[in-house]
Amino acid sequence: MRRNFYITTYGCQMNQYDAGIVKEILKSAGYSPVADENEADIILLLTCSVRKHAENRALGRLMSMKRKKDGQRIFGVLGCMAQNYKEELISHYGADLVVGPDGYQHLPSLLANLLTTQPKMPQVWVGLNQECYDGIYPKAESSSLVTGFVAIMRGCNNFCSYCIVPYVRGQERSKSPEQITREIEILTQSGVKTITLVGQNVLAYHYNGMDFGGLLKEVEKIPGVEWLRFITAHPKDFSKEVITTLAGIKKFCPCIHLPLQSGSNRILALMNRRYTKEEYLERIELARQYIPEVVFTTDIMVGFPTETEDDFNQTKEMLEKIRFDFAYMFQYSPRPQTQALTIKPEVDFATGRRRLAKLIALQSQITKENNQKLIGQELEVMVEKHQTDQSLARTKSNKVVVLDRLEPIGAILKVKIIGMRGWTLVGAKEP
Ligand code: 5AD
Ligand code: SF4
């Protein structure tokens, strides 16, 4: 039986983490991952549904691979799009295998069915059953051997009106501290030093009386964990209690991704975000007071239904006021099942495009100015990987620093920021 597989991952850190889950499940069933797609008998696309654009990329890829198909090869669509499109991926796009985010345990039996039927009988598993993948310990799936992701929860109950995630990933549930600790121990034993805890809203973590703060305190104690990050935090749960807890966690890298989405209270209410821009600002200021070196990054969306020029200007004002170190910026994309589909009128596409371009120009300037301020400073960095004869390192504030010589991967060094090359900081090791 042909048993080589190759996974292409789209979307967020949760999907990157899930790629590790899928790999472990398939390896245990006797399948082997290959580094070259051309050698794979089974091609798996681990997909994202958050915007139409992300879906189109994966569909385009599937269609182009199908055209070159050798008949024997198996094409699987996994993840959020599998849950969103279900059988349609087979009937309209020619996939052989469709498995949603809760179905990866079924991959071995689904693949066995596929491999033993002639002609191949397409297989679908799209239940939502609160799966947590306890007992599965993924290897580090990120681009560096010293950084690893660990999901601490799955699913989402927030129902932001634009967002498909609660429909494709199901209800929010937290994983047990024991499972999380074990996963981290296995990662650190393999050399991982920076752990990023991931979840749709990590601040909502709760398991038998343990909250997110309690979990951080446990994780900090695990031998080998040097730096600790998390993503994503919902502003509505970013309380004074959370802020003071974070201030006491020594290994915590003070870079917080706190999606703002919009600077207009009217739009925030329509988005069902459950905070105002004033509350958001207040929390940022409080965090800056308790954790002076903290930096913030964010997600912003433009072109949400009914967004006026005035709403948009308020978003711009928030960017100017807060001066995020980085922002992911998106144009609203209507998603099936979501509440926002009923909010009218929509913003026309060209207006959304124009607003997005303006916002990107503004934030790029701010990001650059924030980086320029670091020139001349001495910062602690961790070396993450080598690129020809350079080292790529990262600051605690999550900025990449290029070093013009090879330093040991995983080393934590003091460097002086000596300039910028394009967008990237350049550092030199202190003598
Ligand atoms: N359209 C555009 N962007 C979206 N996001 C989530 N849903 C949509 C959508 N329907 C963005 C949000 C979120 C990030 C992961 O993706 O900004 O924080
Ligand atoms: Fe991640 Fe959301 Fe995309 Fe799913 S839809 S991959 S949860 S960003």
Side-chain angles (χ1 to χ4, degrees), residues 7-19 21-22 44-58 77-85 99-104 126 128 141 149 151 153-172 198-202 231-236 256-263 267-268 270-273 275 280 296-305 307 315 318-319 324 326-343 346-347 349 352-353 355-356 359-360 363:
I7 308 179
T8 299
T9 307
Y10 300 85
C12 64
Q13 284 82 1
M14 188 60 86
N15 257 15
Q16 256 189 71
Y17 171 83
D18 281 358
I21 294 273
V22 170
L44 301 171
L45 303 181
L46 188 42
T47 58
C48 173
S49 281
V50 84
R51 283 169 292 277
K52 185 73 195 130
H53 179 69
E55 294 189 336
N56 286 346
R57 274 176 50 218
V77 179
L78 314 184
C80 298
M81 257 180 93
Q83 203 64 34
N84 187 24
Y85 281 67
V99 184
D102 282 1
Y104 304 141
V126 285
L128 286 175
E141 270 308 302
F149 295 119
M153 56 207 298
R154 301 180 66 88
C156 182
N157 286 352
N158 286 320
F159 292 94
C160 300
S161 65
Y162 49 79
C163 188
I164 197 170
V165 173
Y167 306 97
V168 291
R169 284 192 166 267
Q171 270 185 39
E172 175 192 294
V198 301
Q200 248 62 43
N201 172 20
V202 294
I231 190 162
T232 294
H234 194 303
K236 76 176 167 55
I256 302 177
H257 188 68
L258 201 66
L260 169 64
Q261 311 298 1
S262 169
I267 295 291
L268 286 172
L270 286 175
M271 288 175 163
N272 191 29
R273 291 292 286 172
Y275 54 85
Y280 186 99
F296 286 95
T297 58
T298 200
D299 293 345
I300 305 275
M301 195 187 303
V302 298
F304 187 80
E307 185 188 66
T315 300
M318 284 292 273
L319 291 194
F324 293 105
F326 186 80
Y328 294 96
M329 291 165 278
F330 310 105
Q331 182 169 359
Y332 168 73
S333 166
R335 300 285 61 213
Q337 302 186 69
T338 61
Q339 202 52 39
L341 291 177
T342 62
I343 304 174
E346 284 184 12
V347 172
F349 189 79
R353 265 277 98 114
R355 287 181 187 160
L356 183 62
L359 212 63
I360 290 174
Q363 181 56 44

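Both backbone and side-chain heavy atoms feed into the values below; hydrogens, waters and symmetry mates do not. Whatever order the structure lists ligands and atoms in, that order sets their numbers, starting from 1. It should be emphasised that the depicted structure is a prediction, and the values quoted were computed from it without experimental measurement.
- Using modelled atom types, one finds no donor on one side chain facing an acceptor on the other under 3.5 Å when comparing Tyr332 with Glu346.
- Going from atom NE2 of His234 over to atom CD of Gln261 covers 8.0 Å, rounded to the nearest 0.5 Å.
- More than 12 heavy atoms of other shown residues, nucleotides or ligands fall within 6.0 angstrom of atom CZ in Phe159.
- Protein residues having a heavy atom under 4.0 Å from any atom of ligand 1 are Val50, Arg51, Tyr162, Gln261, Asp299, Met301, Phe330, Gln331, Tyr332, Ser333, Arg335, listed by chain and number.
- We find the CG-OH distance between Asp18 and Tyr104 to be 5.0 Å, quoted to the nearest 0.5 Å.
- With hydrogens and angles left out, the side-chain atoms of His257 and Thr297 include a donor and acceptor closer than 3.5 Å.
- A cation-pi arrangement is present between Arg51 and Phe330 under the rule of less than 6.0 angstrom and at most 45 degrees off the ring axis.
- Short contacts between ligand 2 and Gln200, defined as distances under 4.0 Å to a heavy atom of the residue, involve ligand atoms 7 (S).
- Judged by distance alone, the side chains of Gln16 and Thr9 never bring a donor and an acceptor atom under 3.5 Å apart.
- Residue Arg169 has at least one heavy-atom neighbour below 4.0 Å for each of these atoms of ligand 2: 4 (Fe), 7 (S).
- In this structure, Phe324 has its ring center no closer than 6.0 Å to that of Phe296.
- For atom 3 (Fe) of ligand 2, the nearby protein N/O/S atoms, meaning those under 2.8 Å, are Cys48 SG.
- A side-chain N or O of Asn84 and one of Glu55 form a donor-acceptor pair less than 3.5 Å apart.
- Atom CD1 of Ile360 and atom CD of Gln331 lie 9.5 Å apart (nearest 0.5 Å).
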